[in-house]
Amino acid sequence: RIPPIPPVRPTMQHQHHLEDQREEQRSQQPSHGTHISMSNSNTNDDVENSVTQDHDDLQGFHQYHHGVEHHAPEEQSVITSVKKSSATTSGLLRRSIVAFVLFVVSMAVVWTCYYYLEKEGQDDFEKSYAQLSNKVVHAVIDQQRTIRRTMRQLASFVSTIVKTTPDMEWPAVTIPYFYVNAIDTMQESRIEYISINHAVKKEQMDPWLQFAGANYEAMVEESHVLQNGNMDKFGGGGYGYHPYITMINDEVLKEGFNGDASVFLRDDVDRPIYFAEWQHCKAPYTYGMINFNLFGHPFSQGFLKDMLQLKNQTLFFGTAPYGIPPGITYTAEAHEAAHDEFSAVDHPHSIFAVPVVEDPADPQSEVVAALSAGGAWDAVLYDLLPEDVEGIYAILSNTCNQNFTFEMVGRRTIYMGIGDLHDTSYDSYEVVADMAINDHADFASTTGSCKYSMRIYPSAKFENQFKSSINRIVAIVISVTFAVILMVFVGFETLMQTKRQARERTKVFLASNVSVSEK
């Protein structure tokens, strides 16, 4: 602390100077009586001025004695203005720096929170997709195994019936209660139909046609009675029985079906072996498909070759809309009833077949028949995901250069169109399900059938389920909080600066008044 400055007492020389001034003033006073009052008045003024001067002299001496610089009021005002401007600039710079720091910190906090919330959502998306895609893969493979298992069981049942029943010999046989066993297989595999096609060698043609002509009406009636209890849903003979082996008309194969069912089939060509359709489940609407050669299509010869070679494998044809015209096997209404609102007749269908061997105990014994079946893929690929999941895409592909896109929406599989329609930005998430289930060493080397697989991808619709708006809300709340803090800080600093400026103006005002009074 600085010690207080002691009062400065005038020196003796200064006191003698003051006395000389007073003496000089007395000697100059007029002697005329008429000027006494004025002289007295002047004398008083002089005395006062002298006293004031003495005070100023003492003050100046005091300031000089202590090294204090004395400024005029005008100079003091300039100095005050400079200090004020400097203080204002310094305060503005300080506020700007603090505001900038708060802004940067707030942005860093907001970005960090949003980043980790989004990352958590991304992690949830990837984990959920990994679990669901794995579930789909296992479900698809299990479903394909179910098809193969149930078809082989039905083939074994047919083979066993003929093998163990006296006086039954291929091909002239009708399997008792075929409909009952076939309908169970259809329901478990979610397919639309199953038929049994008897292998008829060229030398067996005449005995087969005699057997078929004598038994086709009773065979069809039995299936209707078992299915419906009567023949009310049978369409009659409008599209009648063919007493010969048939195949699809060449014109239909080249130009497509024109709606005329009467030209759909024609006599088959000369072949060493035929697979003639006999019993059918569900019960057929007409007799039209009896004696239809399953392998009469030109493109099916490789399929037949593979089936005869592998013997115990379930093989698939290519994929196409259902090809049998309405009114032959089913009415249009009956076929539509086999589909729900998520499926349709013109959606991709596939036909597959499993051989029936002569001896059920020997899978490598002679092939005596083939079970053929078919269904829509969007109906077959059912119940693969939980009900509340959507936006997972499945690309059904085969080795016959076909691709079809489906979207899995809960338990349903919705057909989207031909080709691979998935979002390629999700290619890195691809998961593949091999649907070509087999247990034969030569299966992979065969080329006559189509081997299927399914590629699974997520989509933006699926990913968006994990992008919660809460992340954005949290980021907005944090941003608003920091904005309010920043506004309060700026407002407080502005208020304090205003008060400081007011105090400065007051000081200047008081200082100027003091200067004027001293003058």
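This one's a predicted model, so the numbers in the text were calculated from it and none came from an experiment. For reference, positions follow the sequence shown, starting with 1.
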Exercise for review: Report the C-alpha separation of L371 and V356 in whole Å, then their side-chain angles, then the decisive distance to 0.1 Å, and conclude whether the side-chain contact (heavy atoms from CB on, under 4.5 Å) test is met.
Suggested key: CA-CA 7 Å; L371 293 175; V356 178; 3.9 Å; yes
Working to the nearest 0.5 Å, report the span between [atom1] of [X] and [atom2] of [Y].
X    : Y    : atom1 : atom2 : answer
L132 : M408 : CG    : CE    : 10.5 Å
R455 : D420 : CZ    : CG    : 4.5 Å
E217 : Y241 : CD    : OH    : 10.0 Å
N197 : S372 : CG    : OG    : 4.0 Å
R190 : T185 : CZ    : OG1   : 14.0 Å
D442 : Q313 : CG    : CD    : 10.0 Å

Check whether any side-chain N or O of [X] sits under 3.5 Å from a backbone N or O of [Y] as a donor-acceptor pair, and report yes or no.
X    : Y    : answer
Q227 : A283 : yes
D434 : V432 : no
Q402 : G318 : no
T146 : S189 : no
E192 : A376 : yes
K451 : T446 : yes
Q279 : F178 : no
S365 : D359 : yes
T164 : T160 : yes
T246 : L265 : no

R412 and D378: CA distance, side-chain angles, deciding distance, salt bridge (charged side-chain N to carboxylate O under 4.0 Å, His left out) verdict | CA-CA 8 Å; R412 302 290 181 179; D378 49 11; over 6 Å; no
Presence of salt bridge, R152 and D439, under 4.0 angstrom: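 A salt bridge is present here (some side-chain N lies under 4.0 Å from a carboxylate O).
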What I want to find out is whether E188 reaches R145 closely enough, with some N-O distance under 4.0 Å, to be called a salt bridge.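 A salt bridge is absent here (no side-chain N lies under 4.0 Å from a carboxylate O).
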Quick check: do [X] and [Y] have side-chain heavy atoms less than 4.5 Å from each other?
X    : Y    : answer
V367 : F275 : yes
I175 : V162 : yes
S300 : F317 : yes
I392 : E407 : no
V354 : M307 : no
Y393 : I456 : no
S223 : C281 : no
V140 : L384 : yes

Self-check item: Contact list for residues 153-181, test salt bridge (charged side-chain N to carboxylate O under 4.0 Å, His left out), sequence neighbours left out
Solution: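 Residue pairs passing salt bridge (charged side-chain N to carboxylate O under 4.0 Å, His left out), neighbours aside: none found.
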request  = Would you list the pairs meeting salt bridge (charged side-chain N to carboxylate O under 4.0 Å, His left out) in which at least one residue belongs to residues 278-288, sequence neighbours left out?
outcome  =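 Qualifying pairs: none.
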What is the ring orientation for [X] with [Y], classed by angle as parallel under 30°, tilted 30 to 60°, or perpendicular over 60°?
X    : Y    : answer
H198 : W170 : perpendicular
W278 : F211 : tilted
Y415 : F404 : tilted
H224 : F234 : perpendicular
Y457 : H422 : parallel
Y429 : F125 : perpendicular

State, without any angle test, whether W208 and N291 hold a side-chain donor-acceptor pair at a distance under 3.5 Å.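 Judged by distance alone, the side chains do pair up.
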Looking only at side-chain N and O atoms, does S350 offer a donor or acceptor that is under 3.5 Å from a partner on Y452?
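Result is yes, a qualifying pair exists.
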Next on the checklist: Please evaluate residues R271 and N293 with respect to the criterion side-chain contact (heavy atoms from CB on, under 4.5 Å), reporting the C-alpha separation (whole Å), side-chain torsions for both, the decisive distance (0.1 Å), and the verdict.
Outcome noted: CA-CA 11 Å; R271 304 177 191 275; N293 183 16; 3.5 Å; yes
Would you name the heavy atoms of [X] and [Y] that are closest together and state the gap between them?
X    : Y    : result
M151 : I194 : SD-CD1, 4.2 Å
V220 : M231 : O-SD, 4.5 Å
T174 : M168 : O-CE, 3.7 Å
K233 : Y285 : O-CD1, 3.5 Å
A199 : P171 : O-CB, 3.6 Å
M247 : D268 : SD-OD1, 3.2 Å

Does the side-chain contact (heavy atoms from CB on, under 4.5 Å) test come out yes or no for D423 and S459, once each step is laid out?
CA-CA 7 Å; D423 187 345; S459 67; 5.6 Å; no
For F303 together with F295, are the ring centres under 6.0 Å from each other?
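Aromatic pair counts; centres sit under 6.0 Å.
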TODO: Would you confirm whether the ring centroid of F316 sits within less than 6.0 angstrom of the ring centroid of F352?
DONE: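 When the ring centroids of F352 and F316 are compared, they turn out to be within the sub-6.0 Å range.
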Is the number of heavy atoms from other residues, nucleotides or ligands under 6.0 Å of [X] [atom1] greater than 12?
X    : atom1 : result
Y244 : OH    : yes
H138 : NE2   : no
K311 : NZ    : yes
I418 : CD1   : no

* Asked: Tell me the disulfide bond (SG atoms under 2.5 Å apart) pairs involving residues 383-430, sequence neighbours left out?
  ->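 Found C400-C450.
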Verdict with reasoning, V225 to N230, per side-chain contact (heavy atoms from CB on, under 4.5 Å):
CA-CA 5 Å; V225 171; N230 52 53; 5.9 Å; no
